[in-house]
Amino acid sequence: MMSSQALDLLLAAVGPERPWAGVSVRAEYRPASGDKVFPPSYPQSQEEGEFAGSPYLFEKRWTNGEDRWVVVLDQVPSQANRVETALLDARDEGRIRLPLFELNATTSRGPVRITSLEMPHRFADAYMRDSRIDGVRFPNTEIGQYVRAVTARDVRALFEFSPESLLFGAWDSHRKGHQAKFSPRAYSSSIVGLDPRLGQRQGGRMDPTNLTGAVKDSSKDDWEFMIPGEKKAKTKGEKLSERGHGNIAPNPAHGGVSITRAQRSGWLSMAALARLRFGDAPIEAARLARATLAALALAGDRLAFGGPSVWLRSGCDLIHTSQYLVFEGEGEARHEVSLTSSEAIEVFHELRERTAKAGITMSEETIHLEPVPALAKAIEYSVAKSTEPGE
């Protein structure tokens with residue numbers, strides 16, 4: 001079975017001889033519709049020439065031995081978040097056994113759930129620091145002190161309760177004294193589009209009845225209409241458009257990018273995992289723990305990107321044309337494997353069980369948190385404001 005082959009390769013990769021430098025993932029895509037995609041946009045472009053003034057991110061890269069322009073479709077942090085989301089979905093569905101911190105807040109608009117697989121800074125996130133367990137602030141709880149006392153020499157606390165922090169990076173910058181920093185990512189991935197050509201688009205809105213006129217105080221639901229000629233709507237609060245009515249004349253809008261194809265490049269570094277230390281745990285247990293983390297990264301990668309297509313955002317739906325998962329060694333040493341998400345999860349579960357028997361355990365517990373009063377108020381305000389009429 002492919003899962004047993006992958007398991008053997010991972011065990012060898014963390015062994016004393018370490019024949020594999022890491023696992024590379026290469027995938028190619030075509031846009032689902034035509035040749036145009038919409039990359040993420042940024043406030044201001046620093047590009048020159050044909051890309052001047054564009055809100056997208058362009059750069060030159062060596063691709064198949066050629067110096068070519070690419071447009072960035074998804075950066076490393078975003079790809080890590082997509083893997084974490086896929087892991088959370090699989091956990092919620094009961095497909096994968098993982099630890100989880102879960103903060104639950106009650107608001108006037110309904111319950112809000114925020115998990116450690118969604119928090120930007122993972123185990124060191126402000127949501128964690130500003131939460132409580134049974135009325136005790138998280139940093140003062142037994143588990144809070146255990147997790148936040150982690151060091152580079154002993155990462156067992158994170159392996160047990162926040163393994164994603166070891167794979168995707170984290171930094172407890174608010175801890176007093178020596179700060180735990182795991183910013184070098186063991187797993188990384190990004191997607192770019194090749195041979196970009198800027199597109200053009202005119203954005204506007206047509207009102208079915210072509211409403212014209214003015215409004216007396218558009219902030220009120222019981223607003224008063226003013227006939228054109230009585231008063232021209234020139235100031236804020238008096239325009240029909242502020243109530244969502246009327247035509248908007250076509251005007252220039254960022255128009256996406258035409259590409260020949262898209263490429264994803266992923267890398268799981270065995271050298272980065274080899275740097276992790278597990279205190280006084282037996283050598284074999286530490287090796288198994290590293291293999292378990294590697295298997296978790298592959299499971300997340302397959303869950304997020306192993307399907308027939310990848311949806312990045314509106315207007316950026318990509319269809320796989322090919323994908324490869326390869327164990328890379330010194331020189332030309334390569335071993336390609338085929339691994340589904342179910343097979344990768346099977347390998348992960350097997351390795352976590354072996355690691356537990358060797359003396360290092362990964363929890364599968366859900367630890368429930370509640371926000372401190374100030375954070376609860378901030379969440380309430382944010383949620384209520386976002387759902388106000390007219391927002």
Side-chain angles (χ1 to χ4, degrees), residues 80-150 154-176 180 182 289 292-293 296-297 299-300 303-304 345 348-349 352-353 355-356 360-387:
N81 293 155
R82 295 182 194 280
V83 171
E84 290 174 294
T85 298
L87 288 171
L88 178 60
D89 290 344
R91 188 188 191 275
D92 287 346
E93 294 167 2
R95 295 182 62 192
I96 193 167
R97 302 195 303 274
L98 288 172
L100 193 72
F101 290 98
E102 182 178 281
L103 185 148
N104 292 283
T106 302
T107 76
S108 59
R109 304 292 180 177
V112 172
R113 178 200 190 209
I114 306 170
T115 73
S116 49
L117 284 168
E118 299 165 296
M119 296 175 185
H121 298 98
R122 304 183 176 94
F123 87 97
D125 197 81
Y127 278 106
M128 299 279 281
R129 296 196 309 275
D130 290 331
S131 64
R132 300 183 297 194
I133 299 177
D134 296 328
V136 180
R137 205 173 181 108
F138 178 75
N140 298 325
T141 63
E142 182 178 351
I143 188 172
Q145 292 178 348
Y146 176 51
V147 170
R148 297 195 70 200
V150 69
D154 189 350
V155 300
R156 281 177 291 188
L158 294 186
F159 181 89
E160 185 174 353
F161 291 109
S162 184
E164 67 277 0
S165 295
L166 298 174
L167 289 174
F168 308 122
W171 179 20
D172 194 356
S173 61
H174 287 262
R175 190 173 85 179
K176 294 181 180 179
F182 303 96
T292 301
L293 289 170
L296 177 58
L303 285 165
I345 292 172
F348 166 68
H349 285 159
R352 64 169 285 161
E353 293 303 318
T355 305
I360 303 178
T361 303
M362 181 182 293
S363 174
E364 54 187 85
E365 180 183 0
T366 299
I367 299 170
H368 296 281
L369 310 170
E370 61 174 356
V372 299
L375 178 59
K377 287 182 179 179
I379 293 173
E380 166 65 30
Y381 176 78
S382 179
V383 171
K385 186 176 184 298
S386 69
T387 55

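- What you find for Asn104 and His368 is that their closest heavy atoms are ND2-ND1, 3.8 Å.
- With a 4.5 Å cut-off on side-chain heavy atoms, Pro99 and Glu365 do not count as touching.
- Between the Arg91 side chain and the Leu98 main chain, a donor and an acceptor come within less than 3.5 Å of each other.
- Residues Asn140 and Gln145 come closest through the heavy atom pair O-NE2, 3.7 Å.
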Exercise for the section: Assess whether side chain to side chain contact (heavy atoms under 4.5 Å, CB included) is satisfied between Phe101 and Ile133, documenting all intermediate values. Expected result: CA-CA 11 Å; Phe101 290 98; Ile133 299 177; 5.5 Å; no
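- Pairing each heavy atom of Phe123 with each of Val147, the nearest pair is CD1-CG1, 3.5 Å.
- Of the possible polar contacts, none joining the Arg129 side chain to the Pro139 backbone as a donor-acceptor pair under 3.5 Å is found.
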Problem - Criterion side chain to side chain contact (heavy atoms under 4.5 Å, CB included) on Asp89 and Leu303, from CA distance to verdict - result: CA-CA 9 Å; Asp89 290 344; Leu303 285 165; over 6 Å; no
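- Panel note: side chain Thr141, backbone Phe138; a donor-acceptor pair is recorded below 3.5 Å.
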Practice task
Evaluate the side chain to side chain contact (heavy atoms under 4.5 Å, CB included) criterion for residues Arg95 and Ile345: first the C-alpha distance (whole Å), next the side-chain angles of each, then the deciding distance (0.1 Å), finally the verdict.
Solution key: CA-CA 8 Å; Arg95 295 182 62 192; Ile345 292 172; 4.0 Å; yes
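- For the atom pair CZ (Phe168) and CG (Leu87), the distance works out to 6.0 Å, reported to the nearest 0.5 Å.
- Side-chain N/O atoms of Thr355 and Glu353 include no donor and acceptor closer than 3.5 Å.
- For the pair Thr292 and Ile360, the minimum side-chain heavy-atom distance is 4.5 Å or more.
- Scanning both residues, Met362 and Arg352, for their nearest heavy atoms gives O-NH2, 2.6 Å.
- Summarising the geometry of Pro163 relative to Leu293, their closest heavy-atom pair is CB-CD2, 3.8 Å, with the distance given to 0.1 Å.
- Distance check, rounded to the nearest 0.5 Å: CZ of Arg109 to OG1 of Thr107 gives 8.0 Å.
- Atoms CG and CG, from Leu296 and Leu167 in turn, are 5.5 Å apart once rounded to the nearest 0.5 Å.
- No side-chain donor from either of Glu118 and Tyr127 sits under 3.5 Å from a side-chain acceptor of the other.
- A heavy-atom distance below 4.5 Å is not found between the side chains of Thr366 and Thr115.
- Atom NE2 of His121 has 12 or fewer neighbouring heavy atoms from other residues, nucleotides or ligands inside a 6.0 Å radius.
- Closest heavy-atom contact between Arg122 and Asn81: NH2-ND2, 3.9 Å.
- Distance alone, capped at 3.5 Å, places no donor-acceptor pair between the Glu102 side chain and the Arg113 backbone.
- Checking side-chain atoms of His349 against main-chain N and O of Arg97 turns up a donor-acceptor pair under 3.5 Å.
- Residue pairs meeting the salt bridge (charged side-chain N to carboxylate O under 4.0 Å, His left out) criterion with at least one partner in residues 130-143, sequence neighbours excluded, are Asp130-Arg137, Arg132-Glu370.
- For the pair Leu369 and Met128, the minimum side-chain heavy-atom distance is below 4.5 Å.
- In this structure, the side chain of Ser162 does not engage the main chain of Leu158 through any donor-acceptor pair within 3.5 Å.
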